[in-house]
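Here is the naming used below: chain letters follow the sequence lines, and residue numbers restart at 1 for every chain.
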Number of protein chains: 2
Amino acid sequence: MGVTVKDVASVAGVSQATAARALGGYGYVSPVARRTIEEAARTMGYRRHAVARALASKVTHTVGLVVSDIENPFFAAAARGLSDVLEPAGYTILLANSDEDLEREERLVEAFRSRRVDGLVVVPSVASATPHLVDLVAAGVPLVLFDRPVRKLDVDVVMVDNKQGASNAVGHLIGLGHRRIGLVSDAPEISSSAERIAGYRVALRKAGIAVDERLIALTGSTQADGYRGATALLETRDRPTAIFTANNMMSVGTLLALRDLGLRIPEDVALVGFDDLEWTTLIEPALTVVRQPVHEIGRRAGERLLARLHGDRSAARRTRLPTEFVVRGSCGAR
Amino acid sequence: MGVTVKDVASVAGVSQATAARALGGYGYVSPVARRTIEEAARTMGYRRHAVARALASKVTHTVGLVVSDIENPFFAAAARGLSDVLEPAGYTILLANSDEDLEREERLVEAFRSRRVDGLVVVPSVASATPHLVDLVAAGVPLVLFDRPVRKLDVDVVMVDNKQGASNAVGHLIGLGHRRIGLVSDAPEISSSAERIAGYRVALRKAGIAVDERLIALTGSTQADGYRGATALLETRDRPTAIFTANNMMSVGTLLALRDLGLRIPEDVALVGFDDLEWTTLIEPALTVVRQPVHEIGRRAGERLLARLHGDRSAARRTRLPTEFVVRGSCGAR
DNA sequence: GTGAAAGCGCTAACAC
DNA sequence: GTGTTAGCGCTTTCAC
């Protein structure tokens, strides 16, 4: 069916090796032969067979990406950033969603390995070094962790300074006079969330405010979970005067809860969220947020992976990008 | 480095062919042999080599997905839907962004073909039958078009009834008494947009209202473009009393323009948008929208592709999913 | 049911 | 520079 290097070679009147060199872009080929071969290839409709090439060369020029859910704007943006650096470099991205489920993540990583990806970028579901990642690293497959580190796994990580970002946000609220500040977050098993929770605690402690555990709502990862968490906090008789939400899903859920309870922002409850999305300036008042450099995270991860793919054997690097605190109306500062 | 079928075979004391049959899950193998082989494979850490398998069997179990931009929530949701049906079926998705650019799209499709994907799902940048897609179809590679059809290309398409959706929306606005209804859309070269524009015209015509071309702002695909388009419409002395935006990007741009001009919704200008996203109920008033079944579109595309992959040779099918008109505050109906 | 042998289409030594 | 010759790891006839 398809035109092979061999076919092109025989038409061009050269050996398969020469045709392969010309078509594959490696080794020496005389300009004359090259032209003849390329001409033949074009008229014959030759198309490089990446699968055969990969089998012979042991390099697939594919990279696996495992995110929690590509529908989460944060991961979509990061995926885009990653693609923007990997694709021009000749790599194709294999995409999969883990839904924060370890078993799924294991299956996906395994599927990618059997497809012999040259490297992997994964958003780890759990913070401890699970076998599927340890084995991967032991086998020498380049791995870049995205958004979250994994304990005792010495690989490149690209993430933001979650603790600092959260602490800034909560500190800002404290500066505004708030003492009872609620936190709505998803599970601390997700290490980025754990760091944000830690940042929340640090800011309070630094201000000499005792952490009231009843003001901390730890829940699932969905918007509905955020809604429930926020509602629980808000329905107590001694409700918080301000809330910090640990990610965009929690922000949406909390916003909805606030509305359903008829609470005004920032008069009744001040709000600061993590993640800056398009709609944050569309709502009234606009949401004060901790903004992450979403594309940059993806790009950096791509660059780190490319370096490894190009043979960089230096020590694992932990890239911590700074967050930006964007003050708008919801915190009550204006 | 890696453990091969051959290695497993020699340890298990069978021929390579038998081991391959047991490990590959095809052909006959006695229960006894199978157990021995699987046991050996497990202890030796055998991992199937999908690349070699693909070369030999001519089936890669990979599917290429080309979207305009994975960051657009519409495409992210569709990608998720696609993944939800393809992944359980054993397929891996190769993802790429075309940015509505034909040349990029061509390069990406070519890259996927050289990787011998079993099938492709693409959101075509242009509505006319360009060679890269025609050749693909001629070569017998299953192709499913996503969101938009391509003229004279007889392949499966999964999309929504854009014209009907747009016409409903505009008709609703007319029913509310509006006569000067503006339209903010991206380029009509994008056929889904062309259909929405057509729906807008149809609704007006049906109501006996002459289409005023000055009320139609055709612009680029970004939110900034939408902002510019809406601003242009709104700054005329005889501005529209209502606006219909053809997609989520245009909606955001228009919302921002409205705010910057100090115009209230729906008092000064009523608004209805295409696409229903999370934030549409977060803003005040909530946005009245034409909702697309985003996941369903992706899932259907996946099912169509699976059918083709499984040998379905029936006539190309055009799946048109219905949209849903969701009335909220921005249109002024409440 | 199992084995031998011939590829799949390409890269990679190595000799010329 | 170019050709020869082995594979890469698996599937796939086709005998037995």
Query raised in the report: Does B:Tyr46 have a side-chain nitrogen or oxygen under 4.0 Å from the phosphate oxygens OP1 or OP2 of D:dC10?
Result: yes
Query raised in the report: If you measure from the Lys or Arg side-chain nitrogens to the Asp or Glu carboxylate oxygens, is any gap between A:Glu100 and A:Arg148 under 4.0 Å?
Result: yes
Requested in this report: For D:dG3, take OP1 and OP2 only and decide whether either is under 4.0 Å from a side-chain N or O of A:Thr18.
Outcome: yes
Requested in this report: Return the value, rounded to whole Å, for the distance between atom CG of B:Leu55 and atom P of D:dG9.
Outcome: 12 Å
Query raised in the report: Between A:Lys6 (NZ) and D:dT5 (C1'), how many Å, whole number?
Result: 13 Å
Report task. Would you tell me if any nitrogen or oxygen in the side chain of B:Tyr26 comes within less than 4.0 Å of OP1 or OP2 on D:dT11? Result -> yes
**Report entry** Whether A:Thr60 side chain and A:Arg116 backbone form a donor-acceptor pair below 3.5 Å
**Finding:** yes
Query raised in the report: Can you find a side chain N or O atom of A:Ser15 that sits less than 4.0 Å from OP1 or OP2 on D:dG3?
Result: yes
Query raised in the report: For the residue pair A:Val8 and A:Met44, what are the closest heavy atoms and their distance?
Result: CA-SD, 3.8 Å
Query raised in the report: Heavy atoms under 4.0 Å, any strand shown: does B:Ala33 hit a base, just sugar-phosphate, or nothing?
Result: sugar-phosphate
Query - Which residue lies more 5' along DNA chain C, comparing B:Val14 with B:Lys58 via nearest heavy atoms - result: B:Val14
**Report entry** A:Met159 CE to A:Ile297 CD1 distance, which is reported to the nearest 0.5 Å
**Finding:** 9.0 Å
Query raised in the report: Between D:dC10, D:dG7, D:dT11, which nucleotide has the shortest distance from any of its atoms to the side chain of B:Thr4?
Result: D:dC10
Query raised in the report: Is there a donor-acceptor pair closer than 3.5 Å between any side-chain N or O of A:Arg299 and the backbone N or O of A:Val294?
Result: no
Query raised in the report: Which of the following nucleotides, D:dT11, D:dT4, D:dC8, is nearest to the side chain of A:Ala17?
Result: D:dT4
Query raised in the report: Using a cut-off of 4.0 Å on non-hydrogen atoms, how would the nucleic acid contact of A:Val51 be classed: base, sugar-phosphate, or nothing?
Result: nothing
Report task. Classify the side chain of A:Arg21 versus the base of D:dG3 as yes if they form a donor-acceptor pair under 3.5 Å and no if they do not. Result -> yes
Requested in this report: For DNA chain C, note the earliest and the latest nucleotide, 5' to 3', having some atom under 4.0 Å of a heavy atom belonging to chain B.
Outcome: C:dG1 to C:dG9
